[in-house]
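Keep in mind that what you see is a predicted model, and the values were worked out from it rather than measured. Both counts, for ligands and for their atoms, begin at 1 and track the order of listing. Throughout, residue positions are numbered sequentially from 1 according to the sequence presented.
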Amino acid sequence: MSTPVGAGRYAPSPSGDLHLGNLRTAVLAWALARGSSRAFHLRIEDLDRVREGAEQRQLEDLAALGLDWDGEVVRQSERGAAHRAALDALTAQGLVYECYCTRREILEAPSAPHAPPGAYPGTCRDLAPAAREAGRERMRALRREPALRLRAGTDAWSVQDLWAGQVHGTVDDLVLRRGDGVVAYNLAVVVDDAAAGVDQVVRADDLLSSAPRQAYLAHLLGLPAPSYAHVPLAVNARGDRLAKRDGAVTLRDRFDRGESTAQVMGRIGDSLGIPGCGTAADVLTRWDPASLVREPWVVELPD
Ligand code: GLU
């Protein structure tokens, strides 16, 4: 086997069983990595929303579908030292400040002039020392730590997405460490992908708008930005994001309904316009990424 060039990955949050949309994204992440001679890694994003036993079940389901991965599975919760080192590096560059805002205050604050909707308005960016002390006092009373935010030097950044093309999206003073002391997802993902040599990020397209922020963070940390491929979400018949309450949407649910792995792979293949798939390897050999329909996948299941 030739030495892999770069790596792809799948990075589920262990909050429950993977549904068909998650499984499809995982299969595509694997197929894109393997189809380009990359390594493929799994990372469990367990900084919050952990459900007992979910990680093991997710790994079993991915293996049942025929996905294989290289090296040990990485758990984000075990990467604290690397996350702290990145935070320290940004702090050393003068790019980190404490934020004392509550979620509600941010929602209610008038947005800064020219700032895109939803961007942090910069309330705590340039506080005088006395106002900072008052903020810290308030945090102590709330028994919370101040969040740490990035002092962003731009309000937009560009990334390259396999399907969306060049995406020029909002960058704001994003949170780097949350008020509960946990490193923020946007920082963890950048640090962990780079440490694993990941240069191809495949995930659901609800995270497309996060990609410019993450690529900008990588730039500040002196890390190469990966290429991106954001896969359309799976939705139910009403067009809402697929969820457990939509019925038998996980692999085990499908097994309980008498379906085989091959039939579930067949559903995933059908959604990609390649009928007759029975294994992940079929997707790898038969799927043309350029043919991906960029609309959400409407999952229609028999009762
Ligand atoms: N853990 C995230 C999720 O399950 C994915 C994050 C990523 O792939 O960057 O939605």
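A side-chain N or O of Asp192 and one of His83 form a donor-acceptor pair less than 3.5 Å apart.
Atoms of ligand 1 found under 4.0 Å from any heavy atom of Val189 (numbered from 1 in listed order, with element): 9 (O).
Asp173 places no side-chain N or O within 3.5 Å of a backbone atom of Arg151 that could act as its donor or acceptor partner. A distance-only check finds no donor-acceptor pair linking the side chain of Asp46 to the backbone of Val50 [under 3.5 Å].
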For this session: For the pair Tyr120 and Arg125, evaluate side-chain hydrogen bond (donor to acceptor under 3.5 Å, both in side chains) and give the outcome as yes or no after the intermediate values.
Result: CA-CA 10 Å; Tyr120 177 66; Arg125 187 179 170 114; over 6 Å; no
Exercise. Are Ser271 and Arg24 close enough, and set up right, to give a side-chain hydrogen bond (donor to acceptor under 3.5 Å, both in side chains), and what steps lead you there?
Worked result: CA-CA 9 Å; Ser271 82; Arg24 181 171 89 140; 3.0 Å; yes
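Considering each of Ile44, Leu207, Asp46, the one bringing a non-hydrogen atom nearest atom 10 (O) of ligand 1 is Leu207.
Exactly one residue among Arg38, Arg43, Arg34 makes a salt bridge (Lys or Arg N to Asp or Glu O under 4.0 Å) with Asp70. That residue is Arg34.
Annotation: atom 3 (C) of ligand 1 to nearest protein heavy atom, Ser13 OG, 3.6 Å. Of all protein heavy atoms, the one closest to atom 8 (O) of ligand 1 is Arg9 NH1, 2.6 Å. With hydrogens left out, the protein atom closest to atom 6 (C) of ligand 1 is Glu45 OE1, 3.2 Å, a heavy atom.
At least one heavy atom of Tyr185 sits less than 4.0 Å from an atom of ligand 1.
Considering backbone and side-chain atoms alike, Ala11 places an N or O below 3.5 Å from some N or O of ligand 1.
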